[in-house]
Amino acid sequence: MSNTLTKIRMFTIADFKEEEQWLREMHRMGWKLFSMSPPCIFQFERCEPEDVVYQLDFRNRRDGDGSSYRQIFRDCGWEYVDSCLSFHYFRKPVTEMEGEEEIFSDNTSRAELLGRIWKCRMMPIFVIFFGCLLPQIHSSISGEVPLDAFFVLFCVLFFLYFRLIIHVGVKFYRMRRSLE
């Protein structure tokens, strides 16, 4: 029986709470995360089943990869696991928790996390959506550019981006409202 397990699981940037829960369940089943690779490849190694809380933080490379950044979490008992696309993965056994099962202990820091994710991940999606896709589709529909395979491609991308924007926007809105 293998001591490692690779799983492919898709989470959007707004699904980080679901990702934390899934990682906790995997650890309860005896698989602890040791590596994460883009876009959605999780690598686990066999361990003793244990209830371990996983938490994600989002920091740009310039302010999230330093040893002082990780030391802050170590000082609070959180073990650094890995980083992927500016998300940093930490874990801590429930037995070592002192009442609070989250890195972010107040609504202000939780709101700041949501703001960082929104600014660094959603703003580029809006630029692509409004700067590239919509003008191309408008040109094709108005007859300036002939309808062809590119039009179909841009329509597919339009609907994918539109769905992503709605999904992420609704989830972020609900998370923000829950913090108020």
Side-chain angles (χ1 to χ4, degrees), residues 1-94 96-97 101-104 109-110 112-129 132-133 153 156-157 159-172 175:
M1 187 149 79
S2 176
N3 287 327
T4 62
L5 174 69
T6 300
K7 288 242 181 199
I8 297 174
R9 179 100 186 245
M10 187 67 148
F11 294 98
T12 69
I13 59 173
D15 297 331
F16 64 93
K17 287 295 181 194
E18 289 85 351
E19 185 174 354
E20 291 170 350
Q21 282 301 116
W22 179 68
L23 292 170
R24 185 175 184 172
E25 284 301 316
M26 291 298 293
H27 208 114
R28 284 182 184 150
M29 293 187 300
W31 295 102
K32 70 177 179 178
L33 180 70
F34 75 88
S35 179
M36 174 60 189
S37 303
C40 51
I41 301 169
F42 296 83
Q43 294 181 321
F44 298 90
E45 59 187 4
R46 187 168 293 287
C47 67
E48 287 297 316
E50 181 182 14
D51 193 10
V52 174
V53 173
Y54 282 80
Q55 291 282 284
L56 278 67
D57 188 19
F58 183 86
R59 299 279 176 177
N60 287 331
R61 292 197 189 281
R62 65 181 174 272
D63 57 90
D65 284 344
S67 60
S68 62
Y69 167 76
R70 290 191 200 126
Q71 186 61 45
I72 293 169
F73 290 95
R74 268 194 299 275
D75 291 346
C76 295
W78 291 93
E79 175 190 1
Y80 171 78
V81 179
D82 198 13
S83 294
C84 182
L85 300 173
S86 297
F87 278 96
H88 302 275
Y89 293 72
F90 297 91
R91 69 175 159 234
K92 187 176 188 179
V94 169
E96 296 177 18
M97 295 287 178
E101 290 189 3
E102 291 191 35
I103 289 173
F104 304 103
S109 59
R110 290 181 188 112
E112 288 172 358
L113 170 67
L114 293 176
R116 285 192 305 272
I117 295 171
W118 185 264
K119 183 176 119 186
C120 293
R121 290 297 160 90
M122 285 306 292
M123 295 314 288
I125 289 174
F126 281 122
V127 168
I128 291 169
F129 185 74
C132 299
L133 293 179
L153 174 66
V156 169
L157 289 174
F159 287 111
L160 289 175
Y161 269 91
F162 187 73
R163 186 181 185 301
L164 178 67
I165 288 169
I166 296 299
H167 170 76
V168 171
V170 167
K171 285 197 87 165
F172 269 89
M175 283 189 264

Rounded to the nearest 0.5 Å, the OG1 atom of Thr6 sits from the CD atom of Gln43 at a distance of 4.5 Å

Here the pair of heavy atoms bringing Ser37 nearest to Cys84 is C-SG, 3.8 Å

Asp15: which residues meet the side chain to side chain donor-acceptor pair (under 3.5 Å) condition with it, sequence neighbours left out? Thr12, His167, Lys171

Less than 6.0 angstrom separating the ring centers of Phe44 and Trp22, yes or no? yes

Contacts of Lys7 meeting side chain to side chain donor-acceptor pair (under 3.5 Å) (sequence neighbours excluded), chain-then-number -> none

Would a 4.5 Å heavy-atom cut-off, applied to side chains only, mark Arg24 and His27 as touching? no

Between His88 and Tyr80, what is the ring plane arrangement, given parallel below 30°, perpendicular above 60°, and tilted in between? tilted

Of all heavy-atom pairs linking Leu33 and Tyr54, the shortest is N-OH, 3.3 Å

If I take atom CG from residue Leu23 and atom CZ from residue Phe42, how far apart are they, to the nearest 0.5 angstrom? 5.5 Å

Give the intermediate values and the outcome of side chain to side chain contact (heavy atoms under 4.5 Å, CB included) for residues Arg116 and Asp57. CA-CA 10 Å; Arg116 285 192 305 272; Asp57 188 19; 3.0 Å; yes

Taking all non-hydrogen atoms of both residues, which atom of Leu113 and which atom of Phe58 are closest, and how far apart? CD1-N, 3.5 Å

For the NZ atom of Lys92 and the CE atom of Met97, what is their distance to the nearest 0.5 Å? 5.5 Å

Test side-chain contact (heavy atoms from CB on, under 4.5 Å), reference Met175, set Ile117, Val170, Leu114, output is Leu114

Test applied, side-chain contact (heavy atoms from CB on, under 4.5 Å); reference residue, Leu56; option that passes from Lys17, Met36, Glu20: Glu20

My understanding is that only residues two or more places apart in sequence, or in another chain, count here; which of them pass side chain to side chain donor-acceptor pair (under 3.5 Å) with Arg28? Glu25, Asp51

Give the minimum heavy-atom separation between Trp31 and Cys47, together with the two atoms involved. N-SG, 3.8 Å

Output for pair (Leu5 CG, Phe34 CZ), nearest 0.5 Å, gives 9.5 Å

Contact summary for Val53 and Trp78, nearest pair of heavy atoms: O-CZ3, 3.7 Å

Do Phe87 and Phe11 touch side chain to side chain, with heavy atoms closer than 4.5 Å? no

If I take atom CD from residue Glu79 and atom CZ from residue Arg74, how far apart are they, to the nearest 0.5 angstrom? 10.5 Å

Report the distance from atom OG of Ser2 to atom CZ of Arg46, rounding to the nearest 0.5 Å. 8.0 Å

